[in-house]
Amino acid sequence: MLQARPTFRSAPPAERLLWNPYMAGVVIGLVLLASFLVMGFGLGASGAITRLAVGAAHLVAPKTIEANAYFAQYVGPGKHVLDDWLVFEVLGVFLGGVLGAYSAGRMRLAVERGPNASLRKRFALALAGGLLMGIAARLARGCTSGEALTGGAALSLGSWVFMMAVFTGGYLVARLVRRQWR
Amino acid sequence: MTLPLFSHGAFGHAVGLLVGTLIGMGFGFALERAGFGRARNLVAQFYLTDMRVLKVMFSAIVTSLVGMALLSGIGLLDLSLITVPETFLWPQLVGGLILGAGFVVSGYCPGTAVVAIGSGNLDGGVALAGMLLGSLSFGFGFGPIESFYRSGAMDRVRLSGLLGVPVSVIAAAVVAMAIGAFVGAEKVERIFSARAGEPAPASSRRIRRGVFGGFAAVATLSLVALALPVAKGSAPVRSAGRLDAVTLARQLVEAPQNLWLLDLRPPEVASRGTLPGAIVMPPEDTNTSIVEALSPTRKLVVYGQSDLGALPQGVERFGGEIAVLAGGYDAWKASILTAPLPPASPTPALVAEFRLKTALHSRFTGAAAAEPPKLETRPAAYGASTPPKGGGC
């Protein structure tokens, strides 16, 4: 259950109710397959996040966003930035996450971090890493969901290159941020 | 061939959004149950103590891949209608490296950050805030990096097309590779968990046997399906790209010698007006020699009155690249043959778009005595050189 107040302590890993990773993979694979069979395309995440960002920025400064060579594909006459399949799919991901965490007794306000990481450092690194990913996902035209997982299953050459690069990038930088986690 | 449902017009946009929400819920629920709402379960991959990310990701890819290979093998799924992300080699390589770095620094990837927020992890929210800012930064810094962003373009290229083998052969190879990676990952986990003084994550023998055996069985079935007569038509998988009317019009002006245009409407409809230089071949026309005789060095652009559901069998015999005009002749009429309206709120991007459309409109309506690009239709001239079979994907 949701606790009354955030505790900000590093919670012990709750392994009890986690699915076996191979079985979880099969279930996600079946969801992805269903998406391909019903819609003709697969899953995604970063595209919806970009639309959310562009939508918010468009409320503040519509002229600037519409004049931008990259953002013009999302906004303009006859287009609504949130009227998009991926936006609704990611809304579903959020709802599914809530449902999963609640039904497994894992829903609580907390911050994931190692025993030696300060809260301030953890938030700073989460923001910095998110910033890098926001840029990288647009450069690569997708993230681990839309490119690596979906494009991987569709056998796209670029998606496989991307997937290998993600693992490489992670391993190269892991040592630098080890103290945040271990 | 009845799948995918949406491409065959089973339902519309609004129902599609509802389906998307439901599919997303399944995805989010399974990600949470896999443990991916918590950063430490994810980053353990990069410290080699728990390679859950690799196991989940590859099991998911393999499940979906062998499923599609089998369904297309028995003729239920039209693989050419499955969207393949476009390849832009260099930005995807660099983007992957940066995203991997961001992953281990923030603790989440974009989809799992959303699940983390749903399960109450505040760091997931901060990571998402970073992604929102990152998306905007990319757009505002787009100018100088635009040429890199478009570099290494290879269109919608599949590994199967690249290697010239059926999808089920690649699927079998991916299954073998994945099982090898799983066995290797479990060995690595045992070494590094012992070093970190943690218990190694273990999968029961029953689950491993069931999952690995299941993958191998479905992959084998999809290979067997290659021998089925029904599979013959779909074995060399074609991924027809889509072109919008404005892009096609530009290409027709810039390099008409690189295109074939094929009008799939009935001749009496086509006689009232086609795209300049189009060859008329009704979809039910079984005389495929027209298509086979066209030189595969050009791109074949096909269109109907409105959007084409599936490519007719005859068209698939074309040896080269195939593209579909999105929206068909109706879209051409609306975007090119109709005079464009000036934008209500003129921004530089909209004005540029308006100028382009006006130029294309006057070019193709023939108002300015411009000669429409002539595409010679001389099947006999190419009859001697048979187009390569099964390639061009």
Side-chain angles (χ1 to χ4, degrees), chain A residues 18-19 21-22 24-25 27-29 31-33 35 37 39-41 45-46 50 53 66-67 70-72 85 88-89 92-93 96-98 100-101 109 111-112 126-127 129-136 138-140 143-145 151-158 162 165-166 169-170 173-174, chain B residues 3-4 6-7 17 20-21 24-26 28-30 32-35 39 46 52 55-56 59-61 63-65 67 83-85 87 91-92 95-102 104-106 109-111 115 118-120 123 126-127 130-132 134-135 138-139 142 157-159 211 347 349:
Chain A
L18 293 191
W19 286 349
Y22 299 119
V27 173
I28 292 173
V31 172
L32 175 59
L33 183 62
S35 182
L37 298 184
M39 301 306 301
F41 46 80
S46 65
T50 301
E66 280 169 32
Y70 187 74
F71 296 140
W85 193 86
F88 284 77
E89 186 253 358
V93 170
V98 170
L109 287 178
V111 175
E112 277 281 300
L127 189 72
L131 190 77
L132 286 177
M133 284 191 290
I135 296 169
R138 296 291 36 95
L139 189 59
C143 61
T144 30
S145 309
L155 295 180
S156 159
L157 169 69
F162 173 81
V166 168
V173 174
Chain B
L3 299 170
F6 185 66
S7 321
L17 297 183
T21 312
M25 283 180 76
F29 186 87
E32 201 286 329
R33 279 294 196 270
F46 299 108
R52 192 168 268 279
K55 292 177 193 172
V56 171
S59 300
I61 288 174
T63 302
S64 172
L65 177 57
T83 302
V84 179
T87 293
Q92 285 178 323
L97 288 169
I98 301 174
L99 194 128
V104 73
V105 169
S106 77
C109 61
V115 175
S119 49
D123 47 336
V126 177
M131 288 174 217
L132 294 169
S135 297
F138 181 82
F142 186 61
V157 56
R158 275 195 163 116
L159 296 178
V211 172
T347 63

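Throughout, a chain's letter reflects where its sequence line sits, starting with A, and its residues are numbered from 1. Here the structure is a predicted model, which is why all the values come from computation and not from measurement.
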Of A:Ala24, A:Ala154, A:Gly25, A:Gly97, the largest count of non-hydrogen pairs under 4.5 angstrom with chain B goes to A:Gly25

Check each atom of A:Tyr22 against the heavy atoms of chain B and say whether the ones under 4.5 Å are side chain, backbone, both or neither. both

Scored by heavy-atom pairs under 4.5 Å with chain A, the best of B:Gly111, B:Ser135, B:Ala30 is B:Ser135

Within the distance-only criterion (no hydrogens, no angle test), does the side chain of B:Asp123 pair as donor or acceptor with the backbone N or O of A:Ala126 below 3.5 angstrom? no

B:Val105: side-chain contact (heavy atoms from CB on, under 4.5 Å) partners, not counting sequence neighbours: A:Leu125, A:Val173, A:Val177

Let's test your reading of the structure: which of A:Leu139, A:Leu33, A:Thr144 forms the most heavy-atom pairs below 4.5 Å with chain B? A:Leu139

Taking every non-hydrogen pair under 4.5 Å, which of B:Gly26, B:Pro85, B:Gly35, B:Cys109 racks up the most with chain A? B:Pro85

Determine the interplanar angle of the B:Phe142 and A:Tyr70 rings, folded into 0 to 90°, and report it as parallel if under 30°, tilted if 30 to 60°, perpendicular if over 60°. tilted

Counting heavy-atom pairs under 4.5 angstrom with chain B, the leader among A:Ala45, A:Gly152, A:Gly151, A:Ala53 is A:Ala53

List the residues meeting salt bridge (Lys or Arg N to Asp or Glu O under 4.0 Å) with A:Glu89, not counting sequence neighbours, and say none if there are none. none

Under a 4.5 Å heavy-atom cutoff, which of B:Ile61, B:Leu65, B:Val211 has the most pairs with chain A? B:Ile61

I would like to know whether A:Val93 and B:Val115 meet side chain to side chain contact (heavy atoms under 4.5 Å, CB included); could you show each step before the answer? CA-CA 7 Å; A:Val93 170; B:Val115 175; 3.7 Å; yes

CG of B:Leu97 to CG of A:Leu132, rounded to nearest 0.5 Å, is 12.0 Å

Answer key: most heavy-atom pairs under 4.5 Å with chain A among B:Ala34, B:Ala349, B:Gly139 is B:Gly139

